**Student:** 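The structure's right below; bear with me while I get my questions together.
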Amino acid sequence: MADALATITRAENLGMVTIRADFARAGDAIAEAVGLALPDVTRITTDDSRSLGWMSPDELLLILPVSETAGAIAALEQALTGEHSLVVNVSDARAVFDVVGPHATDVLAKLSPVDFVELPQDGLRRTRAAQTAAAIWRIDGGFRLIGFRSTADYLGLILNNATLAGSQLAPR
Amino acid sequence: MTYTAPFRLPQGGRLIDRAFQIPFRFDGRHLRGLEGDTLASAMLANGQMLMGRSFKYHRPRGPIASGAEEPNALFGLGQGGRFEPNQRATTTTLLPGMVLGSQNCWPSLDADIGAVNNWLSPMFPAGFYYKTFMHPRPFWKHVFEPIIRRSAGLGRAPTDPDPDRYEQAYAFADVVVVGGGIAGLQAAKQAADQGQRVIVLGQSPIWGGRTPVDHKGGAAVVNALVADLERRENVTMRRNTMATGLYDHGYLIAREALADHDPNQGIPRQRLWRIRTQQVVTATGALERPLAFACNDVPGVMLASAVRDFIVNYGVAPGKRIVVVTNNDDAYRTALIAHDSGLEVAAVIDARPTADSELAQAVRAANIPVLTDTGIAKVKGGRHVDGVVLCRQQGDGQQIGTLDCDVVAMSGGWSPVVHLWSHCGGKLLWDEAEAMFRPNPERPPLGADGQGNVTAVGAANGDLRAAGDLERRELPTMPVWVMPQNAPYKLRAKMWLDFQNDVKVSDVQLAAREGYASVEHTKRYTTLGMATDQGKVSNINGLAILSNALSQPIPATGTTTFRPPYTPVTLATIAADARGDAFQPLRKTPMHAWHEAHGASWEPVGHWRRPYCYPQAGEDRDKAVNREILAVRRSVGTLDASTLGKIIVKGPDAGKLLDMLYTNMMSTLPVGKCRYGLMCSENGFLMDDGVVARLSDDTWLCHTTTGGADRIHGHMEDWLQCEWWDWQVYTANLTEQYAQIAVAGPKARELLQRLGGDIDLSQEALPFMTWAEGQIGGIPARIYRISFSGELSYEIAVPAGRGLELWEKLHEAGRDLNITPYGTEAMHVMRAEKGFIMIGDETDGTIIPQDLGLGWAISKKKQDYIGKRAQSRSFMKQRSRWQLVGLESLDKRIIPDGALAVDEGTNANGQRKTQGRVTSSYYSPTLDRPIAMALVRHGPDRMGQELEFPMPSGEVLKGRIVDPVFYDKEGSRLNG
Amino acid sequence: MLILTCPYCGVAAEETELAPGGEAHLKRVGPDGDDQQFEAYMFDRKNEKGVHFERWRHAYGCGKWFLAARDTNTLQVYGTYRAQTPHPTDDIVAAIRKVSPDWNPDWTRAE
């Protein structure tokens with residue numbers, strides 16, 4: 001029996017912060033407060049432990065170890081004092097899955113109307129996975145997918161279904 | 001076991017492997033085929049020409065084609081959950097142990113009782129049903145309809161669940177080439193050479209299309225091309241993949257058969273591809289047309305191309321003595337191939353006055369007679385061809401001779417497969433020289449950029465010589481729509497156009513006489529082209545007959561609309577993974593597993609599942625609900641309110657925005673307080689409600705209904721982005737960030753105090769409609785003093801990840817208080833006892849707040865809010881609008897939800913006039929009697945009056961109009 | 001199934017990633033409008049066979065509303081632009097006129 005197309009793992013202990021602001025005015029302050037460069041449109045910047053994703057023209061998503069969340073929120077609020085902005089903890093609102101393996105792209109191709117082959121190395125794509133919203137970017141050996149917490153079981157199911165051994169998309 | 005089959009040729013058959021025999025069963029008989037056979041070739045090799053019965057007259061049918069257009073040789077395939085009706089024998093690969101059953105016959109294919117319809121056929125002309133089943137009227141329901149229903153539908157649907165997996169996948173390309181024949185492969189190579197990302201889709205397991213059959217060196221050319229393409233990084237070659245439809249902006253749907261041949265290997269059986277491409281090349285080839293001569297439906301009459309396909313591809317002789325009848329040169333290939341295979345070719349009958357092309361000369365050189373200006377007056381034979389009666393094509397069918405034969409190979413010319421080209425708006429033109437419709441290169445389907453995004457190549461583009469011997473010039477096809485040209489009615493009534501649905505030349509002519517001038521109408525009147533092949537075989541011939549009958553040129557008649565799918569797609573492939581638990585996303589709260597473990601009976605609310613109630617041993621749902629309500633009213637209960645929408649609205653202009661979104665004033669809400677608010681659509685109708693809390697100077701938190709969270713968030717963003725985009729406001733939908741638990745009942749405060757924490761829960765510190773923040777039981781929380789039950793009630797929001805922890809702590813701490821989890825139904829009943837409205841019960845998209853006695857929640861001070869202008873329309877201000885009241889049942893019976901209160905008199909349809917309807921109705925365990933809410937004309941002015949609610953059973957329930965607040969009118973219980 | 005490019009994030013999104021919002025460039029009529037004006041705002045829609053301006057939200061994406069100019073008959077997309085644009089841009093008008101030289105805007109530019 002062949003192997004599954006990819007391994008699906010639920011990523012735990014991630015903190016997430018939604019930041020809404022006018023980047024033209026507050027971008028530098030945000031970057032400094034979170035310690036990451038401001039991502040370009042539809043990109044994500046990252047260091048060893050944190051990532052900062054572009055979600056919308058006035059929205060960023062900071063992903064970091066959960067223990068650093070409160071500190072990061074405080075730092076952001078401090079940095080954005082006097083600036084019209086919204087900094088809010090969304091760590092508990094999300095379910096995160098890592099899709100890793102030689103055919104990880106095939107797994108996503110079964111779920112999303114997106115050409116992931118063409119996704120830049122630092123690209124972040126918001127789309128849908130089957131019938132639910134998702135944001136997807138590259139990690140070592142595959143992709144990370146975030147969706148809503150309430151649909152975690154559904155996401156886990158459709159991701160695992162898509163990894164069915166022998167179902168890779170290359171012509172047979 | 002040595003392999004013998006009466007019609008298997010001693011050699012040849014490029015697709016079969018004679019070393020491997022394959023046993024299969026047909027209608028209980030044990031037969032053998034060879035690896036590489038299709039069902040059709042294996043059956044023909046066994047001499048089984050009879051493969052079905054036509055739909056209407058149950059006439060015997062053999063295969064006429066060798067590909068996807070086959071209308072006759074259809075079988076029910078497989079058993080149990082894998083049973084599939086109407087599988088085409090010509091495209092189904094033979095597998096070991098296959099079990100096939102014939103369709104549309106009883107008791108057997110050979111002795112079919114329904115064939116009596118055939119003898120009665122003069123009584124069933126086109127439009128028979130429309131004309132016959134009209135009178136007397138009552139007969140329709142009790143006599144005609146049951147009979148028609150019993151005989152309707154071809155094949156039977158499977159009844160067991162499909163055990164196999166199916167999936168879908170997206171693909172992206174610069175160019176998709178549809179068709180694996182020579183034209184498609186060449187087009188793919190051309191695109192690949194330019195560095196484009198190319199996908200090639202071939203409908204069958206082998207590449208090459210007609211070329212290896214029609215071209216002596218064809219196979220080598222194809223193999224070289226395929227090998228070249230398969231080596232390339234930028235080319236994907238996908239076999240067994242049928243492109244079924246082309247849609248807007250280069251969206252192509254294709255079905256790939258992965259494991260149809262072996263569903264047990266554990267991979268998806270079929271895959272539906274959703275492909276986005278910049279350009280599509282249709283290299284879909286052409287389909288051969290039958291000729292319309294009398295009794296052209298007798299088994300053994302086949303398309304000329306199919307006859308040579310069976311010989312060359314499978315080493316199968318459809319018959320031993322063949323007559324070829326044609327109006328073109330291409331069919332001469334069949335004569336040559338049959339002759340070279342050792343079969344006898346009695347003659348080539350050519351309708352054209354002369355035949356002297358190279359192909360015709362080659363046939364004559366092989367000593368095969370060529371008879372020009374000749375046609376077939378009639379085929380002899382019943383279940384099998386015995387011979388043909390010859391006539392002059394230019395005449396009226398007078399016999400000039402006969403020929404014995406067991407197969408007639410006919411060719412009426414070729415029609416390019418223009419389906420994909422046409423699906424998304426490509427236009428056709430009539431090619432007079434070849435008597436065919438072909439793509440009009442001036443009017444292709446357009447892409448998003450307004451440029452053509454489909455190119456037809458090869459035979460699909462009308463280049464009918466693309467697959468054949470390019471060195472041999474061929475003479476034009478002569479249009480022959482009826483054979484002979486002046487055939488009398490007797491012959492025309494036996495000339496089949498649609499072989500499955502039994503539509504004949506005479507039927508189309510009758511439709512024309514009866515005024516069916518439009519081809520679309522004629523199609524539906526006669527059922528021409530409505531069989532499972534969707535007109536692939538019959539369409540062009542039928543509309544040519546119609547055009548002649550209407551004395552107009554063929555392009556003036558036009559074609560029927562080509563609609564996807566090109567060949568049938570299984571429902572399983574369309575559903576694919578979306579079945580069972582993956583049918584749709586099921587949203588679960590953080591406490592979902594607890595509810596499940598405690599026996600929750602679920603209620604779907606949007607994609608959420610919420611506990612309706614938690615029945616205990618021996619309880620039904622009603623009993624459980626009543627117990628839960630009384631527990632809350634007497635002590636304390638918990639409701640999982642996590643599904644409620646929670647939207648944060650922040651910014652200098654947030655108050656201004658909320659004043660526009662809600663009917664009441666939110667900007668004046670003091671920090672720390674809560675206010676119930678209503679949201680209306682711009683059309684004035686109530687669409688959502690909920691409690692708004694002011695968190696800080698510039699921040700509000702808006703609760704929405706469970707179903708409304710995403711919609712209301714979208715509504716807010718719509719107005720913010722599109723209308724008031726200069727207002728400084730940010731919103732965020734935090735619904736899933738928090739678990740929220742309603743703790744309600746006289747003991748609620750006591751229970752919460754037991755958990756400990758830094759929030760003062762006293763009446764003084766946290767009065768009704770306020771909120772506080774801190775921690776409770778060691779969990780960071782925001783507590784709202786709000787109540788939907790009328791009891792002392794707190795809603796506690798904690799991070800979703802800690803919701804279960806809080807829930808369990810509450811239940812642990814409240815054990816001696818008889819703490820009871822309650823579900824949505826207890827919540828519904830308790831709110832109704834209090835006269836609180838519910839969006840979706842008291843509202844239905846036509847109700848304004850004023851109808852519900854909610855005028856107090858509409859600010860009179862505000863200049864504007866969404867819906868205000870609409871609510872000032874005269875109809876909205878009418879006093880006679882139905883308005884909310886309570887309803888007391890007069891005989892202790894529950895008046896059903898939705899029941900209508902009748903008024904005096906009848907309307908124009910003779911129905912009783914109505915004056916109101918029940919919107920919510922329950923048994924109240926608190927009051928031990930039914931309670932209801934209703935919308936009634938002038939309701940609030942009619943307290944004490946009685947209304948009548950007739951039931952479908954004829955009995956009439958009575959209710960008295962009362963105040964909608966049934967319980968604790970003073971609100972004394974709110975503070976515990 | 002359409003593909004429209006979101007002018008905010010540049011993503012060419014397919015229809016299933018978008019939510020439709022009806023005709024674009026409607027001008028809101030509030031409490032001051034008379035019945036006729038309000039009716040026109042609320043209900044009168046052009047429903048063109050041909051050049052059409054419509055609202056779309058990149059719902060499964062950046063969440064922004066944008067406007068699209070397209071031909072409902074040929075499916076050609078003339079362009080997409082931000083929702084805060086009072087009238088279709090000059091680029092859009094030029095793209096339409098390239099295909100339909102006789103087409104005329106039914107608005108007057110308030111410069």
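Chain letters run A, B, ... following the sequence lines, proteins first, then strands; residues in each count from 1. The structure presented is a predicted model; accordingly, all values stated were derived computationally and were not measured.
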**Student:** Does a salt bridge link A:Glu68 with A:Arg50, judged by any charged N lying under 4.0 Å from a carboxylate O?
**Tutor:**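 Yes, charged N to carboxylate O under 4.0 Å.
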
**Student:** Which residues from residues 27-52 of chain C are near chain A, with near meaning under 4.5 Å between non-hydrogen atoms?
**Tutor:** none

**Student:** Please check if any side-chain donor atom of C:Thr74 sits under 3.5 Å from a side-chain acceptor atom of C:Gln76, or the reverse.
**Tutor:** no

**Student:** Say whether, by atom type as modelled, one donor and one acceptor occur between the side chain of A:Ser167 and the main chain of A:Leu164 under 3.5 angstrom.
**Tutor:** yes

**Student:** For the residue pair A:Asn89 / A:Ser91, report whether a side-chain donor-acceptor contact shorter than 3.5 Å exists.
**Tutor:**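 Yes, side-chain donor-acceptor contact under 3.5 Å.
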
**Student:** With side chains defined as the heavy atoms from C-beta onward, is the minimum distance between A:Val100 and A:Ile139 less than 4.5 Å?
**Tutor:** yes

**Student:** Below 4.5 Å, heavy-atom pairs only: which of A:Ala135, A:Pro113, A:Ala133 has the largest tally toward chain C?
**Tutor:**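 Most heavy-atom pairs within the cutoff with chain C belong to A:Pro113.
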
**Student:** Taking the side chain as every heavy atom from C-beta outward, state whether A:Leu61 and A:Ile146 have any pair of such atoms under 4.5 Å apart.
**Tutor:** yes

**Student:** Hey, can you tell me if C:His25 and C:His87 have their rings parallel, tilted or perpendicular (30° and 60° cut-offs)?
**Tutor:** tilted

**Student:** Please report the interatomic distance CZ(A:Arg125) to CG(A:Asp115), rounded to the nearest 0.5 Å.
**Tutor:** 9.5 Å

**Student:** Kindly compute the distance separating CG (A:Leu76) from CD (A:Glu83), expressed to the nearest 0.5 Å.
**Tutor:** 12.5 Å

**Student:** Look at A:Thr127, A:Val41, A:Thr42 and state which one has the largest set of heavy-atom pairs under 4.5 Å with chain C.
**Tutor:**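 Max contact count across the listed options: A:Thr127.
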
**Student:** Give a yes-or-no answer on whether the side chains of A:Arg128 and A:Ser112 include a donor-acceptor pair shorter than 3.5 Å.
**Tutor:** no

**Student:** Tabulate, in ascending numerical order, the residues of residues 59-67 of chain C having at least one heavy atom closer than 4.5 Å to a heavy atom of chain A, or enter 'none'.
**Tutor:**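 Only C:Tyr60, C:Gly61, C:Cys62, C:Lys64 of residues 59-67 of chain C have a heavy atom under 4.5 Å from chain A.
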
